[in-house]
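These figures come from a predicted structure and were not determined experimentally. Every number for a ligand or one of its atoms is a count from 1 in the order of the listing.
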Amino acid sequence: MIESDIMNIYQKLLDHFGKRNWWPAETSFEIMVGAILTQQTTWKNVERAINNLKRENLMNIDALAKADISKLERTIRSSGFFRQKASRLKNIASHLMSEYNGDLNVFFDRDTNEIREELLALKGIGQETADSILLYAGGKPIFVVDGYTIRICERLGLCAEKNYDEVQKWFMKRLPKAAEVYGEMHALIVELGKHHCKAEPKCNGCPLMESCSFHSKNNHQTELQSTI
Ligand code: SF4
């Protein structure tokens, strides 16, 4: 796999799905909140929780840091795991208030690895959440890996690794180092995973069918079976 191949995949996905314009949010803080709320749930459920937070005037760092935890839990209930998530939201907002006076420009205006380590040290913030925050809220050039990425990489025969760090390195070594490209590529992979490359793949109509080793292997087996 050479650099032009991955850009070829990027272009095919872009032509097929169009620009995704992630992350849908009005502010960087809303992106951070969304990145936590989207853990283990669908975006539809997150949207309801985000609208509730806005209606309750809780979509700002100071208000969230001071929010009554029971009220916060009720407000984000639709996102599932609402107790854990309410505590995570309060925790990150309190951290931003106490260390940066709630100023996200100061928070993000530092070395990416330094911010990443700080985010990962907060309870309930794993690599995918931290990198989503860095990329989409902070505009940092870091690639986000999720379950779809690992599955699609394996099926396309791109990268045999299943480990987060290795898959992330694989993409970052081959894609142009730009937050815009990383952000679009991740969003396109999610789109492909939702519409075609599901646990049970729907290969018909998939824009990557011609270059997919999983599809050609399965197709070949089906052809062989039909000739026996
Ligand atoms: S052709 Fe099928 S297996 Fe390959 S990427 Fe597309 S949906 Fe996934």
Exercise. Stepwise, does the side-chain hydrogen bond (donor to acceptor under 3.5 Å, both in side chains) test hold for Gln11 with Asp15?
Worked result: CA-CA 6 Å; Gln11 198 54 52; Asp15 291 345; 3.0 Å; yes
Which atoms of ligand 1 have any heavy atom of [X] under 4.0 Å away?
X: Met209; result: 1 (S)
X: His196; result: 7 (S)
X: Phe214; result: 3 (S)
X: Arg155; result: 3 (S)

Problem set entry | Donor on one side chain, acceptor on other, Arg48 and Asn51, under 3.5 Å |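 Looking only at side-chain atoms, Asn51 and Arg48 do not form any donor-acceptor pair under 3.5 Å.
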Exercise. Backbone, side chain, both or neither: what part of Cys212 comes under 4.0 angstrom of ligand 1, heavy atoms only?
Worked result: side chain
For this session: Take Arg88 and Asn91 through the test side-chain hydrogen bond (donor to acceptor under 3.5 Å, both in side chains) and record every step on the way to the result.
Result: CA-CA 5 Å; Arg88 287 170 192 174; Asn91 199 19; over 6 Å; no
Problem set entry | Sidechain-backbone polar pair: Lys162 side chain, Glu154 backbone, donor-acceptor under 3.5 Å |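 Answer holds: no.
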Exercise. Between Glu118 and Arg110, is there a salt bridge with N-O shorter than 4.0 Å?
Worked result: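 Salt bridge between Arg110 and Glu118, a charged N being under 4.0 Å from a carboxylate O: yes.
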For this session: Looking only at protein heavy atoms, identify the closest one to atom 6 (Fe) of ligand 1 and say how far it is in Å.
Result: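 Checking every protein heavy atom, the shortest distance to atom 6 (Fe) of ligand 1 gives Cys206 SG, 2.4 Å.
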Exercise. In the protein, what heavy atom is nearest to atom 2 (Fe) of ligand 1, and what distance, to one decimal place, separates them?
Worked result: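 The closest one turns out to be Cys203 SG, 2.3 Å.
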Problem set entry | Asp146 and Thr149: CA distance, side-chain angles, deciding distance, side-chain hydrogen bond (donor to acceptor under 3.5 Å, both in side chains) verdict | CA-CA 5 Å; Asp146 65 353; Thr149 317; 2.6 Å; yes
For this session: Classify the angle between the aromatic ring planes of Phe143 and Tyr182 as parallel (below 30°), tilted (30 to 60°) or perpendicular (above 60°).
Result: perpendicular
Exercise. Under 2.8 Å from atom 4 (Fe) of ligand 1, is there an N/O/S atom belonging to His215?
Worked result: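 Of the N, O and S atoms in His215, none lies under 2.8 Å from atom 4 (Fe) of ligand 1, which means no.
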Exercise. Strictly under 2.8 Å, is any N, O or S atom of Cys197 next to atom 2 (Fe) of ligand 1?
Worked result: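 It does not; every qualifying atom lies at 2.8 Å or beyond.
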